[in-house]
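Since the structure comes first, as structure tokens, the remarks are kept for the end.
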Amino acid sequence: MPAAIPKPTSLRTPPSVIATILVVSGAASALICWLVYFHAPTDVRGTQLRSLPLVNALLNGLATIALVTGFHEIRERRILHHRASMFGAFFFSSIFLVSYLVNFTLHGETRFNRFSHWWPFYWKLLVSHIVLSTVALPLILLTFFLSLTGRFPAHRKLARWTLPIWLYVSVTGVIVYFMQAACR
């Protein structure tokens with residue numbers, strides 16, 4: 001009698017996939033850390049692509065809309081609409097990451113006025129945003145992998161953690177932009 005072929009829902013994620021996701025996520029975080037703390041900006045005067053922070057905020061806003069729409073669609077059991085919304089969120093977040101890296105390469109870190117009465121709120125928000133963004137990337141990649149390979153029970157379990165973290169990072173990215181813009 002031939003061995004039974006396991007259903008996609010009972011498959012385990014290969015360790016090589018998890019390792020790849022962790023390496024990609026770690027490399028992206030390391031690159032951002034290097035850009036922030038060690039790389040000298042190439043456009044200190046801010047003459048090239050000055051609108052990148054606004055573009056980044058818009059991309060984060062679009063990702064937020066797509067995430068909320070995707071959540072609504074899955075609650076309504078409209079799987080194809082949910083999938084399209086989540087691909088949209090992934091697309092906007094991916095373009096954001098590229099734009100964010102270009103912005104840091106050109107302009108470096110945006111300084112916030114530490115004497116502002118908003119400083120205590122700002123730095124706590126920024127730290128939570130940064131920490132959760134490093135957590136979000138591998139969660140997003142793994143959640144997408146589970147969905148694309150048809151492992152929907154595991155996808156659902158992980159998405160319960162991924163969505164709120166991803167949503168928080170997207171929303172706080174927009175808030176951080178507006179706080180930085182207001183204090184310039």
Minimum heavy-atom separation for [X] to [Y], with atom names?
X: Ser116; Y: Pro120; answer: O-CD, 4.1 Å
X: Met179; Y: Trp118; answer: CE-CB, 3.8 Å
X: Val174; Y: Gly61; answer: CG2-N, 3.7 Å
X: Ala63; Y: Ser170; answer: CB-OG, 4.0 Å

[X] and [Y]: same hydrophobic cluster, using ILVMFWY side-chain contacts below 4.5 Å?
X: Phe87; Y: Ile65; answer: no
X: Val171; Y: Phe121; answer: yes
X: Leu139; Y: Val131; answer: yes

Of all pairs that satisfy side chain to side chain donor-acceptor pair (under 3.5 Å), the ones with a partner from residues 14-41, not counting sequence neighbours: none
Side-chain cluster (under 4.5 Å, hydrophobic types only) that Ile74 belongs to, other residues: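 Noted: Ile74 shares its cluster with Ile79.
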Side-chain cluster (under 4.5 Å, hydrophobic types only) that Phe115 belongs to, other residues: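 For Phe115, no cluster forms, as it stays isolated from other hydrophobic side chains.
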Not counting sequence neighbours, which residues clear side chain to side chain contact (heavy atoms under 4.5 Å, CB included) with [X]? List them please.
X: Val17; result: Thr13, Pro14, Ile21, Phe145
X: Leu58; result: Leu54
X: Ser147; result: Phe152, His155
X: His81; result: Glu73, Arg78

Just how far is it from atom [atom1] of [X] to atom [atom2] of [Y], taken to the nearest 0.5 Å?
X: Asn60; Y: Leu67; atom1: CG; atom2: CG; value: 10.0 Å
X: Leu22; Y: Leu141; atom1: CG; atom2: CG; value: 9.5 Å
X: Leu35; Y: Thr105; atom1: CG; atom2: OG1; value: 4.5 Å

Heavy-atom side-chain contact between Phe71 and His82 under 4.5 Å: no
Indicate every side-chain donor-acceptor pair of residues 89-104 with a distance under 3.5 Å to a residue at least two apart or in another chain.
unit_1	atom_1	unit_2	atom_2	d
Ser93	OG	Ala89	O	3.1
Ser93	OG	Trp166	NE1	3.0
Ser94	OG	Phe90	O	2.8
Ser99	OG	Asn56	OD1	2.6
Asn103	OD1	His107	ND1	2.7

Salt bridge (Lys or Arg N to Asp or Glu O under 4.0 Å) pairs, two or more places apart, involving residues 153-167: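 Every pair satisfying salt bridge (Lys or Arg N to Asp or Glu O under 4.0 Å) with a residue in residues 153-167: there are none.
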Non-neighbouring partners of Thr162 that pass side-chain hydrogen bond (donor to acceptor under 3.5 Å, both in side chains), sequence neighbours left out: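 By the side-chain hydrogen bond (donor to acceptor under 3.5 Å, both in side chains) rule, Thr162 matches Thr143.
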Sequence neighbours excluded and cut-off under 3.5 Å, please list the side-chain donor-acceptor pairs for residues 122-129, or say none.
unit_1	atom_1	unit_2	atom_2	d
Tyr122	OH	Gln180	NE2	2.7
Ser128	OG	Lys124	O	3.4
Ser128	OG	Leu125	O	2.8
Ser128	OG	Tyr168	OH	2.6
His129	ND1	Val169	O	3.2
His129	ND1	Thr172	OG1	2.7

Leu148 atom CG, neighbour heavy-atom count above 12 within 6.0 Å: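 Counting neighbours around CG of Leu148, more than 12 heavy atoms of other residues, nucleotides or ligands fall under 6.0 Å, so yes.
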Heavy-atom neighbours of Trp119 CH2 exceed 12 at 6.0 Å: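 Counting other residues, nucleotides and ligands, CH2 of Trp119 exceeds 12 neighbours.
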